[in-house]
Amino acid sequence: MNKTSKGLTRRTVLSGAAAVGLAGVARAQTPAEVKVGLIVPLSGIYTRPGQVMKMGAEMGIEHINAQGGIKALGGAKLKLVVIDCGDTTEKAKNAAQRMVAQEPDLVAATGSYLSSFTLAVTEVTERAELPVLTLSYSDLLTDRGFKYIFQTAATASRQSELGLPTLMKLAENASGKKPKTVAMLMDNTATSVATAKALKEKLFAQEALQLVVEEVWTPPLSDATPLIQKVRSAKPDLLLFMPNAVSDAKLGLEKISEFGLGQGKIPTVSFSITIAEPDMLQSVSPETVQGIMTIVANWGSKGHEALIAELKAKYKEPWMTQNVISTYGDMWLMKEALEKAGKADRNAVAQAFRTMDAGPSKYYPGGQLKFDEKGRRVGAGVVIVQWQSGVPVTVYPPELAQAQPFWPKKS
């Protein structure tokens, strides 16, 4: 072997050793899996929405992992960590404290269903610098100057601004006149409070609607009789009924039917997905809910047919609520952030959310996969869902609609 060949051999060996060393470091820095959290109610009166949010998260992670995981992290797989936040704000805060203490390697989380719970949870996650996606509506969530919360849904006030004028046009087109009087029955959760604030301070006046009944209850509702009696006495042109617990919605609808105010006698509209949950049909008939509409931040709609079919087959769910499709979308949003961040680090992921510009939204209505300085998704829209023949279907916006809307009328 001559000198040159000896030198080349030495350099080759040294180069090879260095490459092996770097590869070892790279392997050490590339996790086999990346943990993401789901903190939702899985006990108490809000269990149902928590269960379906878990379905959406599981489907999202299954699809992401089947398609190669996080490519920027060498194909690392997402792993879901599920935390029960219970049915009170105190339980939700305690659950968040357990989550950040017991799962220090979480890079992001999503939840918490009720805005009241999300407000409590994010007080904890903000201090832990853990980025949290949420479909909760309250404006307060992103009005606090927090840096680690990202709201994928339109805020409650924005949903009112987008939804109420559309409802008024729908009523006028169908009946020849706009409603002039309105009754409002609501619980005192943060979402309902924020929705009512926007309606009372601005939108009722804009639409020349006179508020003739306003009643607020603390969940769980024990008896809807006095509430519906006031509605019957006032005979409004429109009833806004805003429960956030399925049990409360059932009590109210049963009483509306019992008092003979259902099936279009007083058109009823909600600002909550609760009234369109599959559980509603376990105690009220399709005729009871026929024509009722609700304004929500998301829903399984045109373009989601394959996902809806998979949900039906896998979980036996009759349709895809906001909670499923939004949580499914959150998993893809986390993947996008991880690809952009290039490392499994919660601060890097949070920065990726802040600077993300990933184009049109596929799993949320309207807008972009981009957040403003408050952490609100840019251009987030609303969906109007209407019960038609025992199924709540999307009727607005037209590009997502599965059926034409109609305005309930007296039979």
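Since this is a predicted model, take the numbers as computed values, not measurements.
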Quick one: CD1 on Ile273 to OG1 on Thr321, what's the gap to the nearest 0.5 Å? 4.5 Å
Below 4.0 angstrom, N of the basic side chain to O of the carboxylate: do Lys180 and Asp237 qualify?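 So Lys180 does not pair with Asp237 through a salt bridge.
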One pair to check against side-chain contact (heavy atoms from CB on, under 4.5 Å): Lys93 and Thr89. What are the steps and the verdict? CA-CA 6 Å; Lys93 187 172 183 177; Thr89 55; over 6 Å; no
Would you call the rings of Tyr46 and Phe117 parallel, tilted or perpendicular, taking 30° and 60° as the class edges? perpendicular
Salt bridge between Lys335 and Asp330, side-chain N to carboxylate O under 4.0 Å?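 Judged by the 4.0 Å cut-off on N to carboxylate O distance, Lys335 and Asp330 do not form a salt bridge.
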Whether over 12 other heavy atoms sit under 6.0 Å from Lys230 NZ: no
Carboxylate-amine/guanidinium proximity below 4.0 Å for Glu172 and Lys169: no
Taking the side chain as every heavy atom from C-beta outward, state whether Tyr364 and Leu333 have any pair of such atoms under 4.5 Å apart.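 In short, these two side chains touch, coming nearer than 4.5 Å.
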Answer yes if the side chains of Asp87 and Ser43 hold a donor-acceptor pair under 3.5 Å, and no otherwise.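 Per modelled atom types, Asp87 and Ser43 side chains form no pair under 3.5 Å.
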Nearest heavy-atom pair of Asp248 and Pro219: which atoms, and what distance?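 The pair with the smallest heavy-atom distance is OD2-CB, 3.5 Å.
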Okay, side chain of Thr155, backbone of Ser138: is any donor-acceptor separation there less than 3.5 Å? no
What heavy-atom pair brings Leu227 and Glu215 nearest, and what distance separates the two atoms? CD2-CB, 3.5 Å
Pairwise side-chain contact, Met242 with Asp187, heavy-atom cut-off 4.5 Å (strictly under): no
Phe371: which residues meet the ring pair (Phe, Tyr, Trp, His ring centres under 6.0 Å) condition with it, sequence neighbours left out? Phe150
Side chains of Thr142 and Gln151: any donor to acceptor distance under 3.5 Å?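 Gln151 vs Thr142: donor-acceptor pair found between side chains.
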Can we say Glu103 and Arg98 salt-bridge, meaning some charged N sits less than 4.0 Å from an Asp/Glu carboxylate O?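 Not counted as a salt bridge, because no side-chain N and carboxylate O are separated by less than 4.0 Å.
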Kindly say whether Lys91 contributes a backbone atom to a donor-acceptor pair with the side chain of Thr88 at under 3.5 angstrom? yes
Has Glu90 got more than 12 heavy atoms of other residues, nucleotides or ligands less than 6.0 Å from its CD?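 Counting neighbours around CD of Glu90, 12 or fewer heavy atoms of other residues, nucleotides or ligands fall under 6.0 Å, so no.
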When rounded to the nearest 0.5 angstrom, what is the spacing between CZ in Arg346 and CD in Gln351? 16.0 Å
Atom OG1 of Thr181 and atom CD of Gln210: how far apart are they, to the nearest 0.5 Å?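 That separation rounds to 7.0 Å.
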Closer than 4.0 angstrom, basic N to acidic O: yes or no for Lys54 and Glu58? yes
Between Glu123 and Arg144, does any NZ, NE, NH1 or NH2 come within less than 4.0 Å of an OD or OE carboxylate oxygen? yes
Full working for side-chain contact (heavy atoms from CB on, under 4.5 Å) between Met168 and Leu238: CA-CA 10 Å; Met168 293 301 101; Leu238 175 65; 3.7 Å; yes
side-chain contact (heavy atoms from CB on, under 4.5 Å), paired with Val36, selected from Leu133, Ile61, Val81: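 For Val36, the side-chain contact (heavy atoms from CB on, under 4.5 Å) test succeeds with only one of Leu133, Ile61, Val81, which is Ile61.
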Does the side chain of Ser270 come under 3.5 Å of the side chain of Ser272 through a donor N or O and an acceptor N or O?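 On atom types as modelled, these side chains do not qualify, holding no pair under 3.5 Å.
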Answer yes or no: is there an ion pair linking Lys77 with Glu62, defined by an N-O contact shorter than 4.0 Å? no
For Lys314, does the NZ atom have more than 12 heavy-atom neighbours from other residues, nucleotides or ligands under 6.0 Å away?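 Correct, the count exceeds 12.
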Is there a donor-acceptor contact under 3.5 Å from the side chain of Gln368 to the main chain of Gly379?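 Not confirmed, Gln368 side chain does not pair with Gly379 backbone.
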Quick check against the 3.5 Å criterion: does Glu317 have a side-chain atom that pairs as donor or acceptor with the backbone of Leu311?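 A pair under 3.5 Å: no.
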State, to 0.1 Å, how close Tyr315 and Met59 come at their nearest heavy-atom pair, and which atoms those are. CE1-CG, 3.8 Å
Can you confirm whether Gln404 is buried at CD, in the sense that more than 12 heavy atoms of other residues, nucleotides or ligands lie under 6.0 Å from that atom? no
Do the side-chain N and O atoms of Ser115 and Thr118 include a donor-acceptor pair separated by under 3.5 angstrom? no
Does some side-chain heavy atom of Arg377 sit less than 4.5 Å from a side-chain heavy atom of Ser361? yes
Minimum-distance pair of heavy atoms, taken over all atoms of Gly111 and Thr134: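 Distance-wise, the nearest heavy atoms are O-OG1, 2.6 Å.
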Can a donor-acceptor pair be found between the side chains of Glu310 and His63 at a distance below 3.5 Å? yes
Show the atom names and distances, to 0.1 Å, of all donor-acceptor pairs under 3.5 Å that link a side chain in residues 296-303 to residues at least two apart or in another chain.
from   : atom 1 : to     : atom 2 : distance (Å)
Asn298 : ND2    : Ser326 : OG     : 2.9
Asn298 : ND2    : Tyr363 : O      : 2.8
Trp299 : NE1    : Pro392 : O      : 3.3
Ser301 : OG     : Trp299 : O      : 2.9
Ser301 : OG     : Thr394 : OG1    : 3.0

Please evaluate residues Leu167 and Trp407 with respect to the criterion side-chain contact (heavy atoms from CB on, under 4.5 Å), reporting the C-alpha separation (whole Å), side-chain torsions for both, the decisive distance (0.1 Å), and the verdict. CA-CA 9 Å; Leu167 282 175; Trp407 190 252; 4.3 Å; yes
If you define the side chain from C-beta out and look only at heavy atoms, does anything of Asp139 sit under 4.5 Å from Arg376?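 Yes - at least one pair of side-chain heavy atoms lies under 4.5 Å apart.
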Are Ile275 and Leu253 close enough that some pair of their side-chain heavy atoms sits under 4.5 Å apart?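 Side-chain contact under 4.5 Å: yes.
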Is it the case that over 12 heavy atoms from other parts of the model lie below 6.0 angstrom from the NZ atom of Lys343? no
Locate the shortest heavy-atom distance separating Ser192 from Asn244; write the atom from each residue and the value.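 Scanning both residues, the minimum pair turns out to be OG-ND2, 3.0 Å.
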Checking Ser136 side chain against Tyr113 main chain: does a donor-acceptor pair fall under 3.5 Å?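 Flag set: sc Ser136 to bb Tyr113 pair under 3.5 Å.
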Beyond-backbone contact of Leu338 with Leu78, side-chain heavy atoms, under 4.5 angstrom: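 Sidechains of Leu78 and Leu338: in contact.
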Does a side-chain N-to-carboxylate-O contact under 4.0 Å join Glu373 and Arg354?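 Salt bridge: no.
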Heavy-atom closest contact (Leu400 atom, Pro365 atom, distance): CD1-CB, 3.9 Å
Roughly how far apart are Ile266 CD1 and Leu261 CG, rounded to 0.5 Å?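 Here the interatomic distance stands at 4.5 Å.
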Indicate yes or no: at least one non-hydrogen side-chain atom of Leu199 is less than 4.5 angstrom from one of Val182. no
What do the steps show when you test Lys178 against Glu207 for salt bridge (Lys or Arg N to Asp or Glu O under 4.0 Å), and what is the final call? CA-CA 9 Å; Lys178 286 185 176 181; Glu207 297 297 331; 3.7 Å; yes
Can you tell me if Gln386 uses its side chain to pair, donor with acceptor, with the backbone of Phe406 under 3.5 Å? yes
Do Thr47 and Pro41 have side chains that approach each other closer than 4.5 Å (heavy atoms only, starting at C-beta)?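 The answer is no; the side chains never approach within 4.5 Å.
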First locate atom CG of Leu203, then atom NZ of Lys200, and finally report the distance between them rounded to the nearest 0.5 Å.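 Output value for this atom pair is 12.5 Å.
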Euclidean distance, Glu33 CD relative to Leu73 CG, rounded to 0.5 Å: 12.5 Å
So, Ser285 side chain and Leu281 main chain: donor-acceptor pair closer than 3.5 Å or not? no
Will you find, in the side chains of Ser157 and Lys197, an N or O donor that is under 3.5 Å from an N or O acceptor?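 Lys197 and Ser157 do not have a side-chain donor-acceptor pair below 3.5 Å.
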Kindly indicate, with the supporting measurements, whether the criterion side-chain contact (heavy atoms from CB on, under 4.5 Å) is fulfilled by Met184 and Phe204. CA-CA 11 Å; Met184 186 164 64; Phe204 285 161; 4.3 Å; yes
Any donor-acceptor pair under 3.5 Å from Glu339 side chain to Ile70 backbone: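 Here the side-chain-to-backbone pair does not exist.
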